[in-house]
Participant: 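Could you have a look at this structure, given as structure tokens, before my questions?
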Amino acid sequence: MSSDTPRPETAFPAPGKGAALEEDTVLSPRFDANGLITCVAVDAGTGEVLMLAHMNAQALALTMETGEAHYFSRSRGALWKKGETSGHTQKVLEMRIDCDQDAVVIKVEMGGTGAACHTGRRSCFYRTVPLGTAPSAQSKLAFTGDAPRFDPAAVYGTDGHGHDH
């Protein structure tokens, strides 16, 4: 089967239960009701969290086969290879799955400018949330200083919304 052929959800075995799911060596991801699994991408060198995205069975399979991060865009309802438009690819050095097989963490090396976010920043997590007070209309986010590394309009067009994110 070529890598561009869609894979049915049955490409992976049905999830086990209890110890079989948690302690076995069988990869049997638990996709949610929308057929997705959560993925956190971290920098392989520093451990910095770069982005959170989702994978369907096809994206997970393609990531495993190619060693390049593939995701499923919930907003567009489409498979996408990270960096396909921007050049900010993610070479996957390691993939881990959590205890109940419903989330994965990938350790990646960024291509291009090193920016993972469609806003041009290194990480999608470039603002902090105030702690120690109840949330209100006055709650303000603070920027971390992660400045854009590229101009999104120049890469993605005038709407500024990345086709890869």
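Residue numbers run from 1 in the order of the sequence given.
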Participant: Mind checking the CG-CZ spacing from Leu36 to Phe31? Nearest 0.5 Å is all I need.
Facilitator: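 Rounded to the nearest 0.5 Å, the CG-CZ separation comes out at 8.5 Å.
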Participant: Please check if Tyr126 and Val108 belong to a single hydrophobic cluster, counting links between Ile, Leu, Val, Met, Phe, Trp and Tyr side chain heavy atoms closer than 4.5 Å.
Facilitator: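 Looking at the clustering, Val108 is in a separate group from Tyr126.
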Participant: With side-chain hydrogen bond (donor to acceptor under 3.5 Å, both in side chains) as the rule and sequence neighbours excluded, what pairs involving residues 16-32 come up?
Facilitator: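 Listed once each, the pairs are Arg30-Asp100.
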Participant: Once you round to the nearest 0.5 Å, how far does CD1 of Ile97 lie from CD1 of Ile37?
Facilitator: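 One finds 4.5 Å between CD1 of Ile97 and CD1 of Ile37.
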Participant: Can you list, by chain and residue number, the hydrophobic cluster partners of Val129 when the side-chain cut-off is 4.5 Å?
Facilitator: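 Members alongside Val129: Leu141.
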Participant: For Lys107, which residues count as a side chain to side chain donor-acceptor pair (under 3.5 Å) partner, sequence neighbours excluded?
Facilitator: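 Here the qualifying residues are Glu94.
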Participant: Who are the side chain to side chain contact (heavy atoms under 4.5 Å, CB included) partners of Thr63, not counting sequence neighbours?
Facilitator: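 Once residues adjacent in sequence are excluded, the partners of Thr63 under the side chain to side chain contact (heavy atoms under 4.5 Å, CB included) criterion are Met55, His70, Val92, Met95.
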Participant: Please collect all salt bridge (Lys or Arg N to Asp or Glu O under 4.0 Å) contacts where either partner lies in residues 130-157, sequence neighbours excluded, each pair once.
Facilitator: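 Applying salt bridge (Lys or Arg N to Asp or Glu O under 4.0 Å) to every pair that reaches into residues 130-157, excluding sequence neighbours, yields nothing.
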Participant: When rounded to the nearest 0.5 angstrom, what distance separates CG in Leu52 from SG in Cys124?
Facilitator: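 Answer rounded to 0.5 Å: 8.5 Å.
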Participant: Applying side chain to side chain donor-acceptor pair (under 3.5 Å) between Tyr71 and each of Lys81, Gln90, His54, report the one that passes.
Facilitator: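 When Lys81, Gln90, His54 are each tested with Tyr71, the side chain to side chain donor-acceptor pair (under 3.5 Å) holds only for Gln90.
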Participant: Under 3.5 Å, which donor-acceptor pairs do the side chains of residues 41-49 form with other protein atoms, sequence neighbours left out?
Facilitator:
from	atom 1	to	atom 2	distance (Å)
Asp43	OD1	Gly45	N	2.8
Asp43	OD1	Thr46	N	2.7
Asp43	OD1	Thr46	OG1	3.2
Asp43	OD2	Arg122	NH2	2.1
Thr46	OG1	Glu48	N	3.1
Glu48	OE1	Arg122	NE	3.3

Participant: Take the angle between the ring planes of Tyr156 and Phe150 and call it parallel below 30°, perpendicular above 60°, tilted in between.
Facilitator: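 Tyr156 vs Phe150 ring planes: perpendicular.
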Participant: Verify the cluster assignment for Leu27 and Ile106: are they in a single hydrophobic cluster under the rule of side-chain heavy atoms below 4.5 Å apart?
Facilitator: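 Yes, Leu27 and Ile106 fall within the same hydrophobic cluster.
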